[in-house]
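Atoms considered below: every heavy atom in the structure, side chains included; atoms not considered: hydrogens, waters and symmetry mates. Numbers restart at 1 for each chain; the letters A, B, ... are given by sequence-line order, proteins then strands.
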Amino acid sequence: MYWVYERLLTAFGPQGWWPGDGGAFEVAVGAVLTQNAAWRNVERALAGLDERQWLSPQAIRDAEPDELGAAIRPSGYFNVKAGRLQALATAWVEAGGDAALAALATDELRRWLLAIRGIGRETADDVLVYGFDRPVFVVDAYTRRIFARLGLIQGDEPYESLRASVEAELAIGDGATQRLNEFHALIVALGKDVCRPRPDCASCPLASDCPTSRQEAV
DNA sequence: GCCCAGGTGTTTC
DNA sequence: GAAACACATGGG
């Protein structure tokens, strides 16, 4: 899989995730909002929070649920996500904030995140790598689609085994965190623009080594 | 009008 | 565990 990373980095350049300029909590908020939603809509929801000065754990915890939902409406599932954000915010405050969380070991921090309602594996790993700079690979729907088309996986493997196999190859040596950070972002870039449900193999930097591309050519 | 988007929790087998 | 379903907006 390392060659996939190298090829995408050459083709697309460093992605510099996470989008936005906030701290770990803001990353976590964005990660919840982006669940099954387009980032364009997440930006609107974040703007809705920002204009109300609600981008802090205390503010989200103390907001009226209906008003919080109205603020994040564009990202979809706003009632569900409002509840998830308040669960996140409450836990964040109770844990003692950024500094206390940053002091936890990665496995501890992951367990802490997964115990929060609405934080699943992918969201937790987003927060770990993009919020707390831990060497973690995020598996998402793009990852499964792209790796399956490349013939590298079946596609229905459990989340944790996919994560483990990518980390085993990419997390060796110096710069592991940065490499895993970029790899997921590059996969999203490819998935959004090229390796879509209807793939645009003509503009894919991986096409020369992709069975799906050869199939299309016929 | 229909499919898709940087998932998660619940229910049911 | 795995499959089916609910949750909802905005863009192509």
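- Distances shown here put every side-chain N or O of A/Ser75 at or beyond 4.0 Å from the OP1 or OP2 atom of C/dA8.
- Both A/Ala124 and A/Arg196 sit near DNA chain B, but only A/Arg196 has its closest nucleotide nearer the 5' end.
- Ion pairing between a basic and an acidic side chain is recognised when a charged N comes within 4.0 Å of a carboxylate O; A/Arg163 and A/Glu160 show such pairing.
- Here the P atom of nucleotide B/dG9 and the CG atom of A/Leu85 are 13 Å apart, to the nearest Å.
- Between B/dC4 and A/Asn36, no contact under 4.0 Å exists linking OP1 or OP2 to a side-chain N or O.
- Here the side chain of A/Gln35 is nearest to one of C/dG10, C/dA8, B/dG7, namely B/dG7.
- Side-chain atoms of A/Ala38 lie closest to B/dA5 of the nucleotides B/dA5, B/dG7, C/dA8.
- If you check every strand for non-hydrogen atoms under 4.0 Å, A/Ile119 touches sugar and phosphate atoms only.
- Place A/Ile116 and A/Lys192 on DNA chain B by their nearest nucleotides, and A/Lys192 ends up nearer the 5' end.
- Nearest nucleotide to the A/Tyr77 side chain, out of B/dC4, C/dC7, C/dG10: C/dC7.
- To the nearest 0.5 Å, atoms CG (A/Asn41) and CG (A/Leu46) are separated by 11.0 Å.
- Protein atom CD1 of A/Ile72 is 15 Å distant from nucleotide atom C1' of C/dG10, rounded to whole Å.
- Taking atom CZ of A/Arg144 as the reference point, atom P of B/dA5 lies 14 Å away to the nearest angstrom.
- For an aromatic pair to be called close, the ring centres must be under 6.0 Å apart, and A/Trp39 with A/Trp18 satisfies this.
- Distance A/Asp126 CG to B/dA5 P: 16 Å, rounded to the nearest Å.
- Checked options A/Trp17, A/Tyr5, A/Phe12; the residue passing with A/Phe183 is A/Tyr5 (criterion: ring pair (Phe, Tyr, Trp, His ring centres under 6.0 Å)).
- When each of C/dG10, C/dT9, B/dT8 is scored by its nearest atom to the side-chain atoms of A/Arg84, the top-ranked nucleotide is B/dT8.
- Atom C1' of nucleotide B/dG7 and atom CG of A/Asp140 are separated by 10 Å, given to the nearest angstrom.
- The NZ atom of A/Lys81 sits 14 Å away from the C1' atom of B/dG9 (whole-angstrom rounding).
- With distances taken from any side-chain atom of A/Glu122 to the nucleotides C/dC7, B/dT8, C/dG10, the minimum falls on B/dT8.
- Remark: C1' of B/dG9 and CG of A/Asn79 are 15 Å apart, rounded to the nearest angstrom.
- Summarising the geometry, the separation between CZ on A/Arg145 and C1' on B/dA5 is reported as 9 Å, rounded to the nearest angstrom.
- Note on ring orientation: taking the six-membered ring where Trp is involved, the planes of A/Tyr130 and A/His184 are tilted (angle from 30° to 60°).
- Set against B/dG7, C/dG11, C/dA8, the side chain of A/Val80 has C/dA8 as its closest nucleotide.
- With P as the reference atom, C/dG10 and B/dT8 are 22 Å apart, rounded to whole Å.
- Place A/Arg73 and A/Asp156 on DNA chain C by their nearest nucleotides, and A/Asp156 ends up nearer the 5' end.
- Note on A/Arg40: every side-chain N or O is 4.0 Å or more away from OP1 and OP2 of B/dC4.
- A salt bridge is defined here as a Lys NZ or Arg NE, NH1 or NH2 lying under 4.0 Å from an Asp or Glu carboxylate O, and A/Asp209 with A/Arg7 meets this definition.
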